Amino acid sequence: MAVGEKVKTWKAGDKVMGVTKFGGYVSHININERYVIPLPASWSFEEGAGFLVQGLTAYYALKELGNLKPEMNVLIHSAAGGVGILANRICKKSGAFTIGTVGQENKVKFLQEEEKYDAVILRDSTFPEKLKNALNGKPLNLIMECIGGKILEQGWQMLAPMGRMVVYGNASFTSHGSRPNYPKLIWKFLKRPKIDPLKLPTENKSLMGFNLIYLYEQTDLMHQLLDELQTLELKPQFIGQVFSFEEMHQAIHLFQLGKTVGKVVVKVGP
């Protein structure tokens, strides 16, 4: 790491982790000192790279928007992804009951044994029945929604009065290759669920969405949330795969296929 002559907070050789709004797929980056924090002494650079964006996403969604409280029942989609894993850990620190969902069966055992989800659901045509069984009569208070489409609609229907759905992605609209299937995507868009805002007061539910980019522009709030997140003393992010910088395309393709567990990291240098 090199530092500018006016920078007093850091010196060359400090181990740090940081966030950038755009332009992260590079070997070198020029970043303002306010967007950098110390890398914990026991963490690897890979673990640091996999923590900030996913940690801030999970914490902001759960605590700021979701009003996470002890004994809440929380549904976390893409539970084996970087955000999903950290979301479960944050919920556990708060004493919440967590139900994770995945799209592939080989991820279920990992979540049950390594991340200690209270219940894990494989998303398929029987998703509503599986969710009802996992809740076992308890209300569904909070949903971390990143799938979209029919799964979003089914989750909304199961959400209890005074419950909150926080939307931060739409994986069902993601292409799994370099050539998007535009007719299929257009059909999905036309068939997407439509939630009538006029019915929200009657149903007594909340629907919220956010993009972490806007938090980047509110640096003081970002540092406040980071301080709160770090006081939880979560263990390092689970790193599923590490690719070299020259393997960038393979890393992105694997991520697009939805076959990854944890965080995919691209490493610069040997």
Side-chain angles (χ1 to χ4, degrees), residues 1-4 6-12 14-26 28-69 72 74 76-78 81-94 96 142-146 164-171 206-239 255 262-266 268:
M1 179 181 75
V3 297
K6 294 184 179 180
V7 174
K8 305 301 181 184
T9 310
W10 308 102
K11 63 181 184 299
D14 286 342
K15 293 184 177 182
V16 299
M17 52 184 181
V19 293
T20 179
K21 190 173 183 179
F22 295 112
Y25 289 174
V26 292
H28 296 76
I29 188 167
N30 186 7
I31 189 171
N32 188 286
E33 62 181 311
R34 292 207 68 196
Y35 294 103
V36 173
I37 64 173
L39 178 75
S42 61
W43 287 21
S44 67
F45 283 116
E46 290 81 2
E47 289 167 339
F51 179 74
L52 281 180
V53 172
Q54 282 67 37
L56 281 170
T57 298
Y59 190 82
Y60 183 76
L62 290 168
K63 299 292 286 187
E64 289 291 302
L65 300 183
N67 194 32
L68 180 66
K69 301 292 183 183
M72 271 189 172
V74 184
I76 302 171
H77 290 302
S78 293
V83 174
I85 288 174
L86 293 179
N88 175 62
R89 295 178 185 176
I90 293 168
C91 285
K92 289 303 177 187
K93 290 283 186 175
S94 300
L142 176 57
I143 301 176
M144 288 279 288
E145 166 57 48
C146 60
R164 303 183 182 204
M165 174 182 283
V166 181
V167 180
Y168 67 98
N170 289 281
S206 298
L207 175 64
M208 293 167 280
F210 82 100
N211 189 317
L212 200 64
I213 287 175
Y214 295 97
L215 185 60
Y216 182 91
E217 297 172 352
Q218 301 184 54
T219 317
D220 290 337
L221 175 59
M222 184 179 71
H223 277 282
Q224 174 193 323
L225 295 175
L226 271 175
D227 289 342
E228 294 174 9
L229 177 60
Q230 288 180 304
T231 60
L232 296 178
E233 297 183 342
L234 302 178
K235 65 180 181 180
Q237 173 66 285
F238 178 84
I239 305 301
F255 182 77
K263 187 64 181 156
V264 177
V265 173
V266 174
V268 177

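Quick caveat: nothing in here was measured; it's all calculated off a predicted structure. Note that the numbering runs from 1 along the sequence shown for the chain.
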Determine the interplanar angle of the Tyr35 and Tyr216 rings, folded into 0 to 90°, and report it as parallel if under 30°, tilted if 30 to 60°, perpendicular if over 60°. parallel
According to the side-chain hydrogen bond (donor to acceptor under 3.5 Å, both in side chains) rule, which pairs have a member within residues 54-68, sequence neighbours left out? Tyr59-Glu228
Contact summary for Leu212 and Val53, nearest pair of heavy atoms: CD2-O, 3.5 Å
Output yes when a side-chain donor or acceptor of Arg164 lies under 3.5 Å from a complementary backbone atom of Leu65, and no otherwise. yes
Can Leu62 and Ser94 be said to form a side-chain contact (heavy atoms from CB on, under 4.5 Å), step by step? CA-CA 10 Å; Leu62 290 168; Ser94 300; over 6 Å; no
Is the number of heavy atoms from other residues, nucleotides or ligands within 6.0 Å of CG (Asn211) greater than 12? yes
For Phe45 and Lys15, which heavy atoms make the closest approach, and how far apart are they? CZ-CG, 3.8 Å
To check you understand the geometry: which heavy-atom pair defines the closest contact between Ala61 and Phe210, and what is its length? CB-CE2, 3.6 Å
Locate the shortest heavy-atom distance separating Met17 from Pro38; write the atom from each residue and the value. CE-O, 3.8 Å
Where Arg89 and Pro236 come nearest, the two heavy atoms and their spacing: NH1-O, 2.8 Å
Among Leu215, Leu52, Asp227, find the one that has a side-chain contact (heavy atoms from CB on, under 4.5 Å) with Met222. Leu215
Write down the atom of Lys8, the atom of Glu33, and the distance for their closest heavy-atom approach. N-OE1, 4.3 Å
Atom OH in Tyr214, atom NZ in Lys21: separation rounded to 0.5 Å? 8.0 Å
Partner set under salt bridge (charged side-chain N to carboxylate O under 4.0 Å, His left out) for Lys11, not counting sequence neighbours: Asp14
With a sphere of 6.0 Å drawn around CD of Glu217, does it hold more than 12 non-hydrogen atoms of other residues, nucleotides or ligands? yes
Between Val83 and Ser78, does a side-chain contact (heavy atoms from CB on, under 4.5 Å) hold up when you go through it step by step? CA-CA 8 Å; Val83 174; Ser78 293; over 6 Å; no
For the pair Ile143 and His77, evaluate side-chain contact (heavy atoms from CB on, under 4.5 Å) and give the outcome as yes or no after the intermediate values. CA-CA 8 Å; Ile143 301 176; His77 290 302; 4.2 Å; yes
Check for a donor-acceptor pair, side chain of Gln237 on one end and backbone N or O of Gly82 on the other, with a separation under 3.5 Å. yes
